[in-house]
Amino acid sequence: MPLSSPHALDSSAVLAWYDLHARDLPWRVSPADRRTGVKPDPYKIWLSEVMLQQTTVAAVKSYFVRFTSLWPTVFDLANAPLDSVLREWAGLGYYARARNLHACAVTVVRDHGGVFPTSSVALQSLPGIGAYTSAAIAAICFDEPVAVLDGNLDRVLARYYALSVPVRDAKEQLRAALQVAVPHRAGDFAQAMMDLGATICAPRNASCLICPLQPGCMAAREGNPLLYPIKPAKAERPVRKGHAFVMLDAAGDVYLQSRPGKGLLAGMTEVPTSEWSADLVDPIYPLPANWRHRGQVVHIFTHFRLELEVWSAVVPPEGLDGGWWSEPALLGGEALPTLFRKVLAAAGLDG
DNA sequence: AATGCGGGGTG
DNA sequence: CACCCAGCATT
């Protein structure tokens, strides 16, 4: 199923468009500055790329500013306790990224003197850096002529070639087609293609009349670019149900504990819950007390929908093991994922 | 090659 | 609601 278009991918046209319309992002060196010799800081590009994995630019911006303010260099981040990194990451999701981020900083400091490797191959051996992120860092920071293929590019290329199969089944063909188009300005080209995907060739809106790739785009030629990329069959999302127990002591402090180091929300902070199952079972309270039902929280994960009944009670401070008591005013500094901030809010506490 | 892993923006 | 986002690690 060969890719075909009457025109090769026109990287010159894409770069010309980028020179005029590049997005202004906190981690980015503008194409104008790039031409005068300004080079991106690999630490900041790496940090931004990890945060941007499956995460929108809008969601990342404030986290990026906060992280670079707290930890301006890879040495600062490597020396920070993992717990504080997890706390600052709370709310951004995919928490394995935060653990790998810290592990990567430690590795770069310990094994590389605090200097990031400059090749995509070497970068990919570091924790949390895969095919996409290694290519992005190498291209943006060092102009390595490598194909940088993310979700935006999947869509742009699937449309450009009117790809008749799901991207998953033609990934290497798309990579090869992109690879031969990579110009001397590899970093700007990578960022240009992603900007194009985020603004002109968006998931549910394609502005083909102003697209620099329009002359060769097979989907535009067919007339309905939104038909691409072809979606694989979607799996149904099961429901899981359970109970969450918000315990307060006489002073009004909340009982918190850590989740296991592996699996869902690994290592993050929570209030105790029941098991989550397809059918709601009667609550088994952690302690006997005057439990009050405070409502229901619904939270959507990628692969299931969770419905938690929220209970609260004032309990004696003994009889609990392994957790800690936190003042409500200090909950903002705990490593609480969004799910448990919703639970605490349902119980009448600030997340 | 498939699956598990968050949360928010957007139409 | 559904869809998707500058994907990676694990199996």
Side-chain angles (χ1 to χ4, degrees), chain A residues 22-23 25-28 40 44-64 86 89-101 103-104 123-141 147-156 158 166-169 171-172 178 187 189-199 201-206 226 229 231-238 240 259-268 270 297-306 335-342 351:
Chain A
R23 286 180 292 176
L25 302 172
W27 47 86
R28 174 172 288 177
K44 291 183 178 175
I45 297 301
W46 162 71
L47 176 61
S48 70
E49 291 298 344
V50 173
M51 288 182 164
L52 287 161
Q53 290 165 4
Q54 291 290 279
T55 308
T56 56
V57 166
V60 163
K61 280 184 178 173
S62 63
Y63 282 85
F64 176 83
L86 289 175
W89 198 275
L92 199 54
Y94 286 148
Y95 298 99
R97 291 187 295 173
R99 299 174 166 279
N100 285 330
L101 185 83
C104 184
L123 285 162
Q124 197 166 348
S125 69
L126 293 168
I129 299 184
Y132 163 74
T133 305
S134 60
I137 297 171
I140 293 171
C141 297
V148 181
L149 199 51
D150 75 328
N152 283 308
L153 273 286
D154 286 347
R155 179 178 58 257
V156 171
V167 167
R168 195 184 53 201
D169 300 330
K171 194 83 172 177
E172 290 314 309
L178 181 60
F189 179 64
Q191 296 174 94
M193 289 295 287
M194 291 188 278
D195 277 19
L196 193 154
T199 58
C201 197
R204 282 180 282 190
N205 189 358
L226 301 187
K231 296 302 165 198
K234 57 182 182 292
E236 80 293 355
R237 180 149 43 206
R240 296 189 200 171
R259 290 181 58 80
K262 291 192 159 189
L264 187 73
L265 305 174
M268 302 300 286
E270 65 172 3
V297 162
V298 176
H299 191 75
I300 309 296
F301 291 99
T302 301
H303 48 300
F304 65 96
R305 168 192 173 98
L306 179 63
L336 285 162
T338 298
L339 164 63
F340 291 104
R341 295 191 185 276
K342 289 185 191 175

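Hydrogens, waters and symmetry mates are skipped; everything else that's a heavy atom, side chains included, is used. Below, chain A is the first sequence line, B the second, and so on; all start at residue 1.
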For this session: Go through A:Trp46 and A:Leu101 one step at a time and tell me if the side chain to side chain contact (heavy atoms under 4.5 Å, CB included) criterion holds.
Result: CA-CA 9 Å; A:Trp46 162 71; A:Leu101 185 83; 3.3 Å; yes
From CZ of A:Arg237 across to P of C:dC1 the rounded distance in Å is 9 Å
Closest non-hydrogen contact found for A:Val167 with A:Pro229 is CG2-CB, 3.9 Å
Q | Side chain A:Thr56 and base B:dG8 donor-acceptor under 3.5 Å | A | no
The nucleotide from C:dG7, B:dG6, B:dC5 with an atom nearest the side chain of A:Tyr132 is C:dG7
Closest to the side chain of A:Arg305, out of C:dC1, B:dG8, C:dC5, is C:dC1
### Message
Classify A:Gly91 by what it touches in the nucleic acid, base, sugar-phosphate, or nothing, heavy-atom distance under 4.0 Å.
### Response
sugar-phosphate
Of the candidates B:dG7, C:dG7, B:dG6, the side chain of A:Arg97 sits closest to B:dG6
A:Glu236 CD to B:dT3 P, in whole Å, measures 11 Å
Atom P, compared across C:dA6 and B:dG11: separation rounded to whole Å
14 Å
Review point. If you measure from the P atom in C:dT11 to the same atom in B:dG6, how many Å do you get, rounded?
Key: 16 Å
Using a 4.0 Å heavy-atom cut-off across all strands, classify A:Ile140 as base, sugar-phosphate, or nothing. nothing
Separation of B:dC5 atom P from A:Gln54 atom CD, nearest Å, is 15 Å
query = So what does A:Ser48 touch, heavy atoms closer than 4.0 Å: a base, only the sugar-phosphate, or nothing?
reply = nothing
A:Leu52 atom CG is separated from B:dG6 atom P, nearest whole Å, by 18 Å
Next on the checklist: Work out how far the C1' atom of C:dA9 is from that of B:dG8, and round it to whole angstrom.
Outcome noted: 23 Å
Taking every heavy atom of A:Gly267 against every heavy atom of A:Leu86, the minimum-distance pair comes out as O-CD1, 4.1 Å
Per nearest nucleotide of DNA chain B, the residue lying toward the 5' end, A:Arg168 or A:Arg204, is A:Arg168
A:Asn205 CG to C:dA2 P, in whole Å, measures 22 Å
**Message:** Taking any heavy-atom pair under 4.0 Å as a contact, classify A:Arg23: base, sugar-phosphate, or nothing.
**Reply:** base
Give every pair of a protein N or O atom and an N or O atom of nucleotides 9-11 of chain C that lie under 3.5 Å apart, one pair per line with the distance.
{"residue": "C:dA9", "atom": "OP1", "partner": "A:Gly128", "partner atom": "N", "Å": "2.5"}

Under 6.0 Å from the ring centre and within 45 degrees of the ring axis: does the NZ or CZ of A:Arg240 meet both conditions for the six-membered ring of A:Phe304? yes
Tell me what A:Ala131 touches on the nucleic acid: a base, only sugar-phosphate, or nothing, going by heavy atoms under 4.0 Å. sugar-phosphate
### Message
Counting distance alone, no hydrogens or angles: does the base of B:dG6 have a donor or acceptor under 3.5 Å from a partner atom on the side chain of A:Tyr94?
### Response
yes
A:Met51 CE to C:dA6 C1', in whole Å, measures 13 Å
Practice problem: Without swapping roles, check the side chain of A:Lys231 against the backbone of A:Pro166 for a donor-acceptor pair under 3.5 Å. | Solution: no
Quick check: any donor-acceptor pair below 3.5 Å linking the side-chain of A:Thr302 to the base of B:dG7?
no
The nucleotide from B:dG7, C:dC1, B:dG4 with an atom nearest the side chain of A:Leu339 is B:dG7
Residues A:Pro203 and A:Leu226: closest non-hydrogen pair is O-CD2, 3.8 Å
Worksheet item: Just checking, is any N or O donor in the side chain of A:Thr55 or A:Arg97 under 3.5 Å from an acceptor N or O on the other one?
Response: yes
Categorize A:Trp27 for me: base, sugar-phosphate, or nothing, with a 4.0 angstrom heavy-atom threshold over every strand shown. base
Centroid separation under 6.0 Å, is that true for the rings of A:Tyr63 and A:Trp89? no
Which of C:dA6, B:dG4, C:dC4 is nearest the side chain of A:Asp150? It is C:dA6
Rounded to whole Å, CZ of A:Phe64 lies from P of C:dC5 at a distance of 22 Å
A:Leu265 has its side chain closest, among B:dG7, C:dA6, C:dC4, to B:dG7
Value for OG (A:Ser48) from CD1 (A:Ile137), rounded to nearest 0.5 Å, stands at 8.0 Å
Rounded to whole Å, the CD-P distance (A:Gln53 to C:dC5) equals 14 Å
